[in-house]
Every structure is written in structure tokens, then in C-alpha cells.
Visitor: 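Got a structure for you, questions after.
Remember, it's a predicted structure, so these values are computed and weren't measured experimentally. Indexing begins at 1, ligand by ligand and atom by atom, following the structure's order.
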Amino acid sequence: MKITVAGTGYVGLVTGVVFADLGNEVLCVDIDPDKVDKINKGNSPIYEPGLDELLQRNLEERRLHATTDLAGAVRQSEVVFITVGTPPTPTGEPDLKYVDEVARTIGASLNGYKIIVNKSTVPVGTGDRVRRIIEQHRVEPHEFDVVSNPEFLREGSAVHDTLFPDRIVIGADNPRAAMKIVEIYAPLERPMLITNLPTAEIIKYASNTFLALKISFINAIADLCERTGADVVQVAKAMGYDTRIGSAFLQAGLGFGGSCFPKDVRAFAHSVQRYDLDATLYEKILAINDARPVQFVERIAQRLGGLAGRTVGLLGLAFKPNTDDIREARSLEIIRLLLEQGAVVRAYDPVAMPHVQAMYPQITYCRNAYEVAEGADALALITEWNEFKQLNFERIKALMRQPNLFDGRNLYDPQRLQKLGFYYYGVGRANGNELTKPEDAEGI
Ligand SMILES: NC(=O)c1ccc[n+]([C@@H]2O[C@H](COP(=O)([O-])OP(=O)(O)OC[C@H]3O[C@@H](n4cnc5c(N)ncnc54)[C@H](O)[C@@H]3O)[C@@H](O)[C@H]2O)c1
């Protein structure tokens, strides 16, 4: 099948490459000529495990080509996937200008029946909006259908997730269009759910919002654990054994970042309000999450007696391991707070440093975790990359000015570090910190 994928970011490029690998002829379109150039040379503009290899194979076999010419690509294709960004506006609503732009070009380029598949994450009702835009810009009255096919891949395992998705959701008003999309995905042999457009659009936001809710929930529990001498890691573990709850997304820590969860929960809250419904639940998920970096930096400041002139080393900057993506990464807010309070910041990340360097040139970027530890008053784990799992803490302790370890992801064994002579802080772990008694505890 001839397929156009409009937008070659994390979703578009990985989707395009996988569709090509399944034997389709794929045109990957982007407005950024540098990205297009890189793709055609077999160098992925984004870091995703396994992507370069798959890209090169499909370029060699001539099943994939990148271009900036969307109109030309649309004319040659039966199916056009929209995979452009939907970044948040300052109010938190998703900015649909890229989707609109692509829809206008599709409308103006229609030269026969086509299926337009929206894969970008968009509020309920956007399928109808795309349909109207295409109708308005159509030069000749060619038929077309709009389908919603939300994407659930995770950055860092995008290729794997695209090859083995938990489910494929196809929202379409016309069964003929739905079946064509089923045909594309059939070789993956994964569960498919065919539904109407608004249902598919809501499934995406409801899924992400629920995962974010789990994270904020366990972080709220972590606060209570810290005050009572309980250990949130064990609370979460025991909760997770309950098959009705499950252990995924139940890790207390610095909260969620990235290009999806924060933006999608905000967007969902706006959608809900547009239909005159109460968005308090969704706003609370965000409020709990926003407080995490502030609280973490407060803990460091408390321990060091203020941050002015203190050196804080950060391990990891990407919003999660195995990606170079720093969009809404917790590291950015933590760096901002540390610098605001006068700290000297050193940092290391296996792949994300260049992106952070562009925003914060004033911090020291190191070659590895040990260099970060040199002369540090506190070391803070921000992103749980594999290479931080087995550090030589004796060596780290010897390099630091003071052995203070702040574990933002509850990666380490508190007792082991305490035995080595570290002050250890883990989120929601008893930590030997001062406990706060409830008001009515006096006099019992
Ligand atoms: N990144 C994820 O993990 C993920 C997961 C699921 C869903 N999503 C959703 O998928 C969508 C895309 O996300 P992403 O992370 O791939 O975005 P991205 O920002 O990485 O990529 C978007 C690409 O679209 C290109 N673009 C913009 N306007 C264009 C136009 N008119 N024609 C052609 N290309 C154009 C940009 O240059 C960019 O390369 C978003 O709605 C996002 O919420 C993302």
C-alpha cells in the first residue's frame, strides 16, 4: 500500500519505518529539510533503540523515502497518516495549527479517494475538524474518510511498541475505511478495537490520564509515608500484587514529565471543561506532579543548610531512560530551582546533555557519574538510566565533598548506602528523616 506519514518525529518516523518494514511504500514528510535529509541518508534525527537499523534497511530496499513535499506525497498515496506535534498553548490546550496545516494541504491535493488517519493526540472532535478543513480546501469533489488511530508508543522503546502494541485502536465512521487500516496493521497480529471517531479520540487521553493518575496517586501516598516512617516502595509493591491494581506506573519519585503525560492531562482537563464537566480530578493530578521537583529541591536545601554556593550533581537529564527527549523533563525544573537558589550544578546524561546545554549553558556537563560526584555536596539521581544502577559508591563517596545522596527514583537500597556512610534520601521512604506527628497525637 502507498502510505504518506506527515510529520517525522518520534511517532511519525517510527510508524513510517515500521509500515515500510511490513512491505508498504512509505513517504515520510516533514517541513524540516534537515530531518528529511538525515532520514534519506539513513541517520535518524531522533534516538530510538533499533531505529537506525530498520531505517537503513528500508531505505536500501527502496520502500521508504523522505520528502518535504506533502502535496506530492498525498497525491501518490491511498492513506495519509497525520503525525505532527500537538504542543500545548500557554493555556494548556493543544495547539492544532500543525494538524490544521496538514489538513489544508491534504484538501488542496486530493486527486481521488483517500483515507486520512489522525495519529496525533488530539481532543475529541478533532476528526470532524479535519474533515471540515479538507472539505473547505478540496478543489475537486473527491471522496475521503477521516479515521482516528491514536498512538500509544513509549519513547525509548518506540520501535518495539510499534511492532508489538498492546492494542490498536481504529475509530472510523465508515467501515470500509476502518477495514483498510486493519489491513495495514494485520501483519502485526495484535488486538484491534474498531470503534467510532470520538471514542478513539477519548481512549488516548483517558489512557494517558489514568497512567498519570497512578503516578500522582502513589506520590501522594509517598508524602504520607515520609511523615509516618512507612516505606512507599513496599506499599506500592504490595498494592501492585493486587491484579486489579497492577504494579505498572506505581513508582513514587519525581513525577511524570515528557512530551505526553503533562500535556495530555492538561488538554483532557480543558476538553472536559468545554463540555461543562468538572475537571478537578485532572487538575489535582497535575498539581501533585508539579509539587514534586519543588519538594525534592527543598529536601536537598534542608540537608545542606541552604543551596547558595553548594555543589549539586545530577545523574540523568532525559525525562526518562533510553531517550534524548527532555520535553517537560523533571531535570529542567530541578536545575531552574537549584540555580535560582544559588547552587552550582554539575550534570551527566548518556544522551540528553546537548539539549539541556542549549537551555542551561551555565552548568558543568560531565563525562560520567564519577565526574559529576567530584567536589559535590549532594548527588541527585534524576533519571534511572541502566548505567547508574551499579555505580561504585565507595569511589563516589571518596570523590564527593559530602556524601549526600538524593534518590529521585528510589533506585538504590537505602540500607546499603547508609552502611557506606551516605546520607540517603528516597522519595516516600522513611529515610531516618524527622517524622511529623499529626496534630492530635499530643497527649495520647
Ligand atoms: N512522543 C511520544 O511518545 C508520543 C506517543 C504517543 C502519541 N504522541 C502524539 O503524537 C504526535 C506527534 O508527537 P511526536 O512526539 O512524534 O512529535 P515531534 O514534535 O517529535 O514531531 C512532529 C514532527 O512534525 C513535523 N511537522 C510539523 N508541521 C508539519 C507539516 N505541516 N508537515 C509535515 N511535518 C510537519 C515537525 O517538523 C516534527 O518533525 C503528538 O500529537 C503527540 O502527542 C506522541
Side-chain angles (χ1 to χ4, degrees), residues 4-18 27-39 44-48 51 66-74 77 80-89 92-109 116-123 126-127 130 133 137 148-162 165-169 200-201 203-205 207-209 211-212 256-268 318-320 322-329 355:
T4 284
V5 180
T8 64
Y10 288 86
V11 170
L13 184 56
V14 176
T15 302
V17 167
V18 167
L27 288 165
C28 285
V29 183
D30 208 287
I31 40 168
D32 182 340
D34 285 345
K35 281 192 182 178
V36 166
D37 222 41
K38 275 190 178 159
I39 294 168
S44 161
I46 50 158
Y47 172 76
E48 274 300 330
L51 183 57
T67 173
T68 52
D69 178 14
L70 177 60
V74 169
S77 302
V80 181
F81 282 79
I82 304 178
T83 55
V84 292
T86 47
T89 59
E93 282 161 289
D95 191 342
L96 295 176
K97 69 177 177 213
Y98 303 110
V99 173
D100 292 353
E101 176 60 34
V102 170
R104 282 194 288 271
T105 308
I106 293 172
S109 323
I116 318 308
V117 188
N118 187 29
K119 210 176 214 341
S120 297
T121 302
V122 290
T126 305
V130 166
I133 295 174
H137 289 80
S148 166
N149 169 224
E151 180 53 58
F152 301 97
L153 66 75
R154 296 161 300 174
E155 285 175 25
S157 55
V159 173
H160 174 273
D161 293 349
T162 307
D166 289 337
R167 77 297 208 188
I168 294 154
V169 174
E201 289 170 337
I203 285 170
K204 173 63 191 174
Y205 278 118
S207 302
N208 271 7
T209 303
L211 294 173
F256 54 84
S259 65
C260 290
F261 282 7
K263 129 178 127 60
D264 290 353
V265 181
R266 267 181 232 126
F268 198 45
F319 90 89
K320 67 174 188 180
N322 301 322
T323 177
D324 63 344
D325 197 342
I326 58 156
R327 287 178 283 184
E328 302 224 25
H355 301 309

Visitor: Purely on distance, is any nitrogen or oxygen of Lys204 under 3.5 Å from one on ligand 1?
Guide: no
Visitor: Just to confirm my output: which protein heavy-atom neighbour is closest to atom 44 (C) of ligand 1, and how far is it?
Guide: Val11 CG2, 3.3 Å
Visitor: Show which atoms of ligand 1 fall inside a sub-4.0 Å distance from at least one heavy-atom site of Lys35.
Guide: 38 (C), 39 (O)
Visitor: Check the pair Ser207 / Arg167 against side chain to side chain donor-acceptor pair (under 3.5 Å), numbers first and verdict last.
Guide: CA-CA 12 Å; Ser207 302; Arg167 77 297 208 188; 3.2 Å; yes
Visitor: What are the two closest heavy atoms between Thr83 and Gly12, and how far apart are they?
Guide: OG1-CA, 3.3 Å
Visitor: For Glu101, take its heavy atoms, then give the atoms of ligand 1 lying under 4.0 Å from any of them.
Guide: 31 (N)
Visitor: So for ligand 1, is Tyr10 a polar contact partner (N or O within less than 3.5 Å, distance only)?
Guide: yes
Visitor: Run the numbers for me: atoms of ligand 1, each under 4.0 Å from some heavy atom of Lys263, listed by number.
Guide: 42 (C), 43 (O)
Visitor: Please report whether ligand 1 has a polar contact with Glu155, defined as an N or O pair separated by less than 3.5 Å (distance criterion only).
Guide: yes
Visitor: For atom 19 (O) of ligand 1, what is the nearest protein heavy atom, given as residue, atom name and distance?
Guide: Arg327 NH1, 3.5 Å
Visitor: Would you say the side-chain atoms of Lys320 pair up with the backbone N or O of Gly258, donor to acceptor, closer than 3.5 Å?
Guide: no
Visitor: How are the rings of Tyr205 and Phe268 set to each other: parallel, tilted or perpendicular (split at 30° and 60°)?
Guide: parallel
Visitor: Can you tell me which residue and heavy atom of the protein come closest to atom 9 (C) of ligand 1, and the distance to 0.1 Å?
Guide: Thr121 OG1, 3.3 Å
Visitor: Checking Ser120 side chain against Val122 main chain: does a donor-acceptor pair fall under 3.5 Å?
Guide: no
Visitor: Are Phe81 and Thr4 close enough, and set up right, to give a side chain to side chain contact (heavy atoms under 4.5 Å, CB included), and what steps lead you there?
Guide: CA-CA 6 Å; Phe81 282 79; Thr4 284; over 6 Å; no
Visitor: Students should be able to answer this: which protein heavy-atom is nearest to atom 5 (C) of ligand 1, and at what distance?
Guide: Leu153 O, 3.4 Å
Visitor: Could you tell me, atom by atom, which parts of ligand 1 come under 4.0 Å of a heavy atom of Ser259?
Guide: 1 (N)
Visitor: Rounded to the nearest 0.5 Å, what's the gap from NZ on Lys204 to CG on Asp264? Could you check?
Guide: 6.0 Å
Visitor: So for ligand 1, is Leu70 a polar contact partner (N or O within less than 3.5 Å, distance only)?
Guide: no
Visitor: Can you confirm, on distance only, whether ligand 1 has an N/O atom lying under 3.5 Å from any N/O atom belonging to Glu151?
Guide: no
Visitor: Please classify the Cys260 to ligand 1 contact at 4.0 Å (heavy-atom distances, strictly less than): side chain, backbone, both or neither.
Guide: side chain
Visitor: Check each atom of ligand 1 against the heavy atoms of Thr86 and keep those under 4.0 Å away; list them by number with element.
Guide: 40 (C), 41 (O), 43 (O)
Visitor: At what distance, to the nearest 0.5 angstrom, does CG of Asp32 lie from OG1 of Thr68?
Guide: 10.0 Å
Visitor: Report, in ascending order of atom number, the atoms of ligand 1 lying under 4.0 Å from any heavy atom of Gly9.
Guide: 16 (O), 18 (P), 20 (O), 21 (O), 23 (C), 39 (O)
Visitor: With a cut-off of under 6.0 Å to the ring centre and 45° to the axis, is Arg327 in cation-pi contact with Phe319?
Guide: no
Visitor: Report yes or no: do Arg266 and Thr89 form a side-chain donor-acceptor pair below 3.5 Å?
Guide: no
Visitor: Assess the side chains of Ser148 and Lys119: does a donor N or O sit below 3.5 Å from an acceptor N or O?
Guide: no
Visitor: Could you identify the single nearest non-hydrogen protein atom to atom 22 (C) of ligand 1 and state the distance to 0.1 Å?
Guide: Gly85 N, 3.5 Å
Visitor: Between Asn149 and Ile168, does the side chain to side chain contact (heavy atoms under 4.5 Å, CB included) criterion hold? Intermediate values first, please.
Guide: CA-CA 7 Å; Asn149 169 224; Ile168 294 154; 4.0 Å; yes
Visitor: What residue and atom, counting heavy atoms only, is the protein's closest point to atom 27 (C) of ligand 1, and at what distance?
Guide: Ile31 CD1, 3.6 Å
Visitor: Please could you name the atoms of ligand 1 that Val29 approaches to less than 4.0 Å, counting only its heavy atoms?
Guide: 33 (C), 34 (N)
Visitor: Relative to the heavy atoms of Val102, which atoms of ligand 1 are at a distance of less than 4.0 Å?
Guide: 30 (C), 31 (N), 32 (N)
Visitor: Give me the residue, atom name and distance of the protein heavy atom closest to atom 25 (C) of ligand 1.
Guide: Asp30 OD2, 3.3 Å
Visitor: Does a salt bridge link Lys263 with Glu93, judged by any charged N lying under 4.0 Å from a carboxylate O?
Guide: no
Visitor: Among protein heavy atoms, which lies nearest atom 11 (C) of ligand 1, and at what distance?
Guide: Val84 O, 3.3 Å
